[in-house]
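In what follows, chains carry the letters A, B, and so on, assigned in the order in which the sequence lines appear, proteins first and then strands, with residues in each chain numbered from 1.
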Amino acid sequence: MGTSPKADGRAPIRVFASSKSWIEGNATFQLEHVAGLPGVQAVAAMPDLHPGKFGPVGCVILADRIHPQLVGSDIGCGMGLFELDIAARKLRLDQLADRLHVLDQPCDGDVTRALADAGLGATAFDAALGSIGGGNHFCEIQAVDKILAPDTAAQAGLDRDHAYILVHSGSRGFGFSILETALRNGQTALHPTSDEGNAYMSAHDHAVQWAKLNRRIIAERTAVAARTDLRLLNDLAHNMVERQAGATGDVMALHRKGAAASDRGLVPVPGSRGTLSYLVEPLCEMRAEALASLAHGAGRKYDRASMHGRVRVKRSDVARLERNPYGGIVVCGDRGLLAEEAPEAYKNIDRVIADLVEFGLARVVATFRPLLTFKRAQSDAALRESNRSKSWKEDRR
DNA sequence: ATGTGC
């Protein structure tokens, strides 16, 4: 770890990655750029740091103003971990894989009721509630691999025999539209208590709650497919900004750009879809230095575009990518996405976790192995075709 | 990441 001296008006950067964790040069370059943005006072980087569209993913930025671009378009994106009320060995995974295709259809249940129960008003994007989305988003059925902190695991009610669901999804078109509106109005930096700042935060917080509900509904649909009940272990957003009191009483903005909060319970840290995932307990000692945050996953090693060259998406490769090394199933109808999201596109999650442990940021509670990973099942072409036919029907009315 | 485009 190094703390850069404050030079060129750049905020100090603290990197919680050992020399064993490979970090791409462009990610470091982006990190330095972000540290030089207006009003930035401190930056913390996690071992899963990798280049992003606007600044690197896997970092935390404390500033005296809100930078909507740092939060990005998927406001409220995060991880929900749920326990299913069924033993993992009792699941019929092939059957469940078939049934989970309902996740590609809109909810047929009463989404209005779910929104009302969550205290949320209607949005123009509610038809997408309960859908996973694309990119690195997934819904994964897991089994406990090892419990490494039995006391903490027992406190959380973890049962080594039960199946678990880890949902990675966000606010779909809703968060996207909020960023779009902010940028259209030229709002690249907002004072936290200005009218514009308040309006952004209000829309942002709505999207954070919407995304959390989205993960809940995805998990509930999965539980229905498995004919069982579920219980929430924890749900944490890793793309978000929150206001907090600064040292001199002024209001600051803490941006988590692909980083999980370390002050609100156990943190699920997913690996790639071909590795173990972790549940970790944040430790307090270095919390302030790490800006109250932890790594949010393995982090990409190769960008999406380059994966198309690295992984040939022939039939034999598809067959390989549709299984994981644990004998589990990966459902992803989109060949291109399958290549982009191949496990080899990601850094080693064990190394990322080892760094968190070595820096005293967390300890491992349990590991989970993937049994069934569900990603967007329809290809791009199929989705476009389906949208086209929908709008054609609307045009005809 | 995106009710993801000419």
Within one Ile-Leu-Val-Met-Phe-Trp-Tyr cluster: A:Ile147 and A:Leu266, side-chain cutoff 4.5 Å: yes
Separation of B:dT4 P from A:Arg304 CZ (nearest whole Å): 17 Å
Euclidean distance, atom CD1 of residue A:Ile132 to atom P of B:dT2 [Å, nearest integer]: 11 Å
Touch class at under 4.0 angstrom, heavy-atom based, for A:Gly135 against every strand present: sugar-phosphate
Length of the CZ-C1' vector between A:Phe174 and B:dT4, whole Å: 19 Å
Among A:Asp159, A:Asp229, A:Leu230, the one residue meeting side-chain contact (heavy atoms from CB on, under 4.5 Å) with A:Leu84: A:Leu230
Atom pair distance, as rounded to whole Å: CD in A:Glu180 and C1' in B:dG3: 12 Å
Value in whole Å for how far the P atom of B:dG3 lies from NE2 of A:His137: 11 Å
Distance, rounded to the nearest Å, where A:Arg172 contributes CZ and B:dT2 contributes P: 5 Å
Length of the line joining A:Phe176:CZ and B:dT4:C1', which is rounded to integer Å: 7 Å
Aromatic ring proximity A:Phe174/A:His206, centre distance under 6.0 Å: yes
Sequence neighbours excluded - salt bridge (Lys or Arg N to Asp or Glu O under 4.0 Å) pairs with any residue from residues 70-89 of chain A: A:Glu83-A:Arg231
Donor/acceptor link under 3.5 angstrom from A:Arg376 side chain onto base of B:dT4: yes
d(CD1, A:Ile178; C1', B:dG3) in whole Å: 15 Å
Touch class at under 4.0 angstrom, heavy-atom based, for A:Gly170 against every strand present: nothing
